[in-house]
Protein chains: 2
Amino acid sequence: MVTDSDTSPSGYVRPVIDVQALAGLLDGEYADIRGLVRKNLTAYAGVLDEAEELGFDAFRERVREVVVEMAATGQTGMGFPEEYGGGGDVGASIAAFETLAFGDLSVLVKVGVQFGLFGGAILQLGTERHHKAHLPRLITGELMGCFAMTETGHGSNVQALSTLATYDAEAGEFVITTGTDQARKDYIGNAARHAELAVVFAQLEVGGEQRGVHAFVVPVRVGGEVAPGVRIEDDGRKMGLNGVDNGRIWFDGVRVPREALLNRFADVTPEGVYQSPIDNPDRRFFTMLGTLVQGRVSVAGGAINASKVALAIATKYAVRRRQFTAASDTDEQVLLDYGMHQRRLFPLLARTYALHFAQDVVRTQLHEVFSAADGDERARRELEARAAGTKALGTWHATRTIQECREACGGAGYLAVNRFAALKADSDVFATFEGDNHVLLQLVAKGLLTHHASEFESMDQLGMVRYVTNLAVETVIEKTSAHKLLERVRDLLPGGDEWDQEAGLLDSEYHLAMLRFREEHMLAGVARRLKRGMDRKTHPGVVFSEVQDHVIAVAHAHVERLVLEAFVDKVGQVPDGDNKVALGLLCDLFALSTIEADRAWFMEHGRLTVQRSKAIRREVTDLCRKIRPLATDLVDAWNIPREMLRSPDLVG
Amino acid sequence: MVTDSDTSPSGYVRPVIDVQALAGLLDGEYADIRGLVRKNLTAYAGVLDEAEELGFDAFRERVREVVVEMAATGQTGMGFPEEYGGGGDVGASIAAFETLAFGDLSVLVKVGVQFGLFGGAILQLGTERHHKAHLPRLITGELMGCFAMTETGHGSNVQALSTLATYDAEAGEFVITTGTDQARKDYIGNAARHAELAVVFAQLEVGGEQRGVHAFVVPVRVGGEVAPGVRIEDDGRKMGLNGVDNGRIWFDGVRVPREALLNRFADVTPEGVYQSPIDNPDRRFFTMLGTLVQGRVSVAGGAINASKVALAIATKYAVRRRQFTAASDTDEQVLLDYGMHQRRLFPLLARTYALHFAQDVVRTQLHEVFSAADGDERARRELEARAAGTKALGTWHATRTIQECREACGGAGYLAVNRFAALKADSDVFATFEGDNHVLLQLVAKGLLTHHASEFESMDQLGMVRYVTNLAVETVIEKTSAHKLLERVRDLLPGGDEWDQEAGLLDSEYHLAMLRFREEHMLAGVARRLKRGMDRKTHPGVVFSEVQDHVIAVAHAHVERLVLEAFVDKVGQVPDGDNKVALGLLCDLFALSTIEADRAWFMEHGRLTVQRSKAIRREVTDLCRKIRPLATDLVDAWNIPREMLRSPDLVG
């Protein structure tokens with residue numbers, strides 16, 4: 001084998017991983033619910049074959065069936081109050097969802113639609129009357145529903161939706177109307193076949209006055225037939241997730257009672273007086289939206305676990321598959337002993353571990369915020385930003401990892417039985433739904449520029465530029481001045497002004513300092529460029545367009561820093577021993593391969609000499625070599641049920 | 001619109017593109033055959049829907065039907081001699097294949113399997129008896145065949161195939177035998193259903209002596225039934241290309257007459273004497289393989305054109321789709337006016353143009369080499385290297401471009417009707433078949449290190465390391481010494497030793513000098529590292545594993561330089577005028593975004609200052625802004641039939 005020996009001249013001793021202990025560490029406090037989901041996945045393993053074998057319609061019905069049967073085990077209702085038959089544990093509901101992502105992703109997404117989006121909207125935006133009426137039956141899956149927010153014309157800019165809900169005080173009813181085809185609800189999961197109820201987001205008009213977007217419970221099917229005034233069209237075949245019945249909905253003056261308004265944050269009296277505890281309409285809308293943050297947290301966790309499936313298959317294949325003689329004159333060499341193959345897979349493996357621990361942090365924050373009696377505004381906004389950022393990085397990571405792993409399995413990776421076909425097609429839309437990744441990163445950047453001083457999603461770029469340039473730039477510039485930045489770093493690292501040259505390459509404080517420096521320096525740069533643009537009296541939209549890639553880069557840098565912090569923190573908490581050593585290698589590899597990928601920026605900003613940049617590349621290669629003999633254990637610790645990997649000829 | 005005005009302070013005047021003239025330039029000398037293919041694509045546009053609507057089996061039959069009907073138009077037989085009913089024009093056959101990639105890719109790949117791989121093997125490896133017996137019927141599609149090279153155990157290392165062909169002198173027959181399951185033929189297109197004949201690659205044994213891999217014509221079906229001694233299994237569903245019937249084949253002592261050996265490069269006399277004009281068995285095998293190079297050239301062209309389809313849809317969508325207010329307080333802004341959106345799409349657009357012109361060069365070389373009466377060895381090897389490199393870069397480009405374009409179309413991009421589902425799934429395996437991209441780039445690097453002094457595919461890495469370190473390193477090091485390198489650059493560019501600081505950022509000579517410098521510097525580095533490893537007496541396989549990513553990087557750099565040269569040459573040939581200006585912008589964008597992407601390397605190697613690196617980033621952004629108003633014309637010039645874009649709601 002072309003790998004390091006067990007001990008090396010540098011004193012490094014190859015750790016022996018305790019796989020079960022590592023698996024326990026990864027499952028964390030949610031081992032029980034994850035165990036239940038693994039059991040269910042194994043019981044329903046046949047759905048992976050059925051996804052290929054059943055026809056379009058039959059597979060949709062099968063997925064519905066599986067979802068309802070899984071619901072009966074309690075797996076999917078963890079996030080709902082116990083009084084309605086739920087588990088009363090938000091964190092556990094996310095953990096369950098994450099684990100479900102080892103299996104068929106249509107099942108995952110249908111669970112997300114039914115219990116996360118539809119159920120979540122009823123729970124978070126509704127009040128007791130809605131809870132009593134709908135939660136018990138939706139938790140069992142008896143009542144299927146859909147979440148009708150996105151329209152053909154508006155996906156990212158949901159504040160500009162154009163479905164109308166007009167209050168008719170005489171009848172005590174709202175009248176829901178789709179105007180043009182651009183206003184039809186589109187891509188709505190559960191709409192084409194299974195939903196009886198829809199939570200419809202529409203512009204509320206009361207007494208001739210526009211009140212912004214609100215949510216209404218609207219029956220779209222009665223006794224299996226599409227309700228009068230409602231028109232539904234199938235979105236048809238999609239790239240993947242064909243077990244989910246996405247569709248379009250038009251409303252032609254559909255009347256619902258006044259009580260159909262999900263009235264936690266705003267209500268209309270029978271007489272037609274609009275009332276809300278939140279005066280500012282923007283703030284009101286984005287407070288509503290904010291309660292739905294768990295959708296993003298769920299997708300992030302699902303994407304990270306889908307990456308694990310791909311990496312597990314590719315790693316297990318690469319330790320069995322031989323091609324070409326190399327280190328021996330007679331035997332062909334296993335793929336994973338090739339330096340390039342290690343370089344392709346191991347940074348992705350390390351990043352998957354990093355994102356796993358980052359996801360732990362988001363899930364914990366979510367659990368705390370949603371379990372608290374009263375909402376801490378700041379905590380909510382930080383959660384929203386972190387959820388958005390982790391979702392963006394986690395889903396892009398999945399796309400990239402699945403692709404690399406498919407290619408690393410060659411022609412075999414192209415056969416459907418070997419899992420990549422479904423993984424790739426089904427997870428592709430993760431980068432888009434629950435918030436387009438680029439839009440989410442813009443929101444993250446906005447939070448950084450405004451210190452989370454405004455609602456998370458409350459401004460488009462125009463508002464953002466104005467807000468930032470009027471209020472926040474001076475503070476940002478002051479806070480992130482190179483001088484102060486370096487001062488803070490100096491406190492953390494030895495070496496004074498030379499910290500970035502003298503710190504050890506494997507020192508986590510060095511890694512963190514580098515990522516912090518990058519983030520803050522970029523942030524200051526964006527603030528300055530926005531201000532300069534406004535000072536020139538350029539139209540804010542033009543200013544924004546010019547700075548947009550910089551804005552997105554700063555958010556990306558911010559989230560990567562959070563991910564590294566989560567990983568470093570976790571390694572710090574692990575008791576001394578071989579598992580800690582192994583996680584330390586992965587953490588170093590994640591940090592250094594992240595710096596390596598952006599080493600041009602660090603050189604451009606004086607934080608990396610040419611020599612050190614090259615040294616980092618060598619160190620990454622060296623870490624890959626150290627991880628080589630640990631690779632199988634590292635993927636086994638994810639404890640993915642064997643049945644979920646399929647790939648009979650690939651993984652043995 | 002947030003774009004440049006028609007003229008700018010720098011004197012730049014926005015060109016007005018003559019779309020038809022540009023389309024003519026792109027089609028080049030093969031406008032006629034491309035026109036025929038476009039006509040056929042439009043006539044069979046329904047196949048894009050049928051790919052979704054028909055079941056697994058029915059779609060395979062439909063694709064066969066379409067291929068046979070297209071064959072009747074002469075489109076698919078251009079590469080065969082006229083005397084057998086072909087068109088006698090190799091270049092035209094590639095151009096036809098490229099154009100076919102605008103449509104359904106199962107049709108494309110089935111054409112490739114039948115006429116390129118199967119037909120190509122009969123033509124190139126066989127002699128008159130095979131041509132007479134098979135070409136007329138295979139050109140019409142009446143006789144379907146398959147190309148049975150890859151085995152389950154060996155895809156990249158084809159010299160190590162283990163199917164056996166033993167000569168039985170008494171019977172005057174070869175006996176074809178699959179030993180273990182690892183030796184079964186696998187992923188073979190046309191095998192599961194349609195092939196009557198197979199060209200089988202097997203280790204030839206004559207009189208107890210091993211003669212290496214040779215090709216035999218073996219009937220696998222007779223009258224529609226699988227032939228005796230042959231077992232065929234369906235590979236089942238794949239990620240994409242499900243209109244092609246891939247399968248596995250086992251041979252259990254199947255006997256074929258002596259004449260079944262494709263005997264252009266080697267023969268066996270009735271008495272069992274092995275004869276070949278090429279003494280060296282390696283050289284013989286790789287000469288045979290080399291004649292099949294057009295498969296790679298075809299895939300490269302197909303991948304580049306598949307990218308065009310994705311970019312055309314994403315561009316047309318982005319000039320219509322509005323989201324968020326930005327430059328106006330009331331109207332939402334079209335996506336393509338966002339800086340980030342331009343940054344996402346335009347470097348890919350520029351690279352697609354660059355690859356188009358690079359493909360022109362490969363196609364022309366192929367045509368010349370295969371139309372020449374006698375083979376110029378050196379020209380053949382250069383063609384093989386160029387084909388391999390263009391295939392690798394072109395297919396990776398397709399994967400990346402299709403993904404970015406899908407994401408840029410949001411949720412709409414996920415619907416099958418909008419084309420990305422099929423594009424993505426069908427083109428995914430392009431990076432693997434006709435040579436795994438990483439393996440191909442290693443071969444390219446080997447050619448550079450050995451000055452194409454040995455067979456193109458004739459050595460695995462072990463042999464390569466030995467060969468290189470024994471013979472070639474000194475020459476490479478001498479040839480690529482930094483001193484000589486800079487001397488040569490100095491002749492091209494003003495500025496003396498400061499050329500890399502003083503040249504204009506939009507000077508093509510500067511771009512070329514940068515890419516040449518990178519390539520030669522990397523090449524020298526690889527040679528030195530290989531030599532150092534051998535001097536240390538490290539096992540060559542270990543040395544190779546350590547250097548492998550560097551080896552692949554040098555090949556990548558080499559091919560990018562060739563691509564840029566092709567683009568610069570082309571722009572130089574275009575008559576003065578607005579089209580030349582527009583192509584010049586794209587060429588600059590390709591060059592600078594390529595340098596930008598690798599700017600860390602240029603900084604590490606002293607060829608880019610921090611200031612200049614930042615200036616390049618600004619220039620890329622500026623070029624994107626200049627291309628914005630030209631974007632629609634630039635994709636229209638590809639002349640993709642409207643029906644091939646589908647996407648009724650996206651492209652208008």
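Each chain gets a letter, A, B and so on, in the order the sequences are listed, and its residues count up from 1.
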Between [X] and chain A, with a heavy-atom cut-off of 4.5 Å, which part of the residue counts as in contact: side chain, backbone, both or neither?
{"X": "B:R343", "answer": "side chain"}
{"X": "B:V547", "answer": "neither"}
{"X": "B:D428", "answer": "both"}
{"X": "B:L241", "answer": "both"}
{"X": "B:F433", "answer": "neither"}
{"X": "B:R617", "answer": "side chain"}
{"X": "B:A412", "answer": "both"}
{"X": "B:L415", "answer": "both"}
{"X": "B:A160", "answer": "side chain"}
{"X": "B:F56", "answer": "neither"}
{"X": "B:H550", "answer": "neither"}

Could you have a look at [options] and say which one has the most heavy-atom pairs with chain B under 4.5 angstrom?
{"options": "A:G240, A:G155, A:G236, A:G55", "result": "A:G240"}
{"options": "A:H605, A:Q611, A:Q403, A:R406", "result": "A:R406"}
{"options": "A:A425, A:G411, A:G413", "result": "A:G411"}

Determine yes or no for a side-chain-to-main-chain donor-acceptor pair under 3.5 angstrom, with [X] supplying the side chain and [Y] the backbone.
{"X": "B:R625", "Y": "A:E546", "result": "no"}
{"X": "B:E233", "Y": "B:G247", "result": "no"}
{"X": "A:N157", "Y": "B:Q323", "result": "no"}
{"X": "A:E151", "Y": "A:S162", "result": "yes"}
{"X": "B:K238", "Y": "B:V244", "result": "yes"}
{"X": "B:R320", "Y": "B:L650", "result": "yes"}
{"X": "B:D186", "Y": "B:R248", "result": "no"}

Task: No-hydrogen, no-angle side-chain donor-acceptor test under 3.5 Å, B:T152 and A:D649 - done: no
Open item on the list: Is A:D235 close to chain B through its backbone or its side chain, or both, or neither, when contacts mean heavy atoms under 4.5 Å?
Closed with: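 Contact with chain B is through both the backbone and side chain of A:D235.
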Output the option from [options] having the highest count of non-hydrogen pairs under 4.5 Å with chain A.
{"options": "B:K424, B:H341, B:K614, B:R322", "value": "B:K424"}
{"options": "B:T399, B:V610, B:V429", "value": "B:V429"}
{"options": "B:H154, B:E53, B:E407", "value": "B:H154"}

Task: Ion pair A:D49/A:R646, N-O distance below 4.0 Å - done: yes
- [ ] Might you work through the side chain to side chain contact (heavy atoms under 4.5 Å, CB included) test for A:L441 and A:W396, ending with a clear yes or no?
- [x] CA-CA 12 Å; A:L441 287 183; A:W396 273 329; 3.6 Å; yes
Task: Whether over 12 other heavy atoms sit under 6.0 Å from A:R400 CZ - done: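 No, because the 6.0 Å sphere around CZ of A:R400 holds 12 heavy atoms or fewer from other groups.
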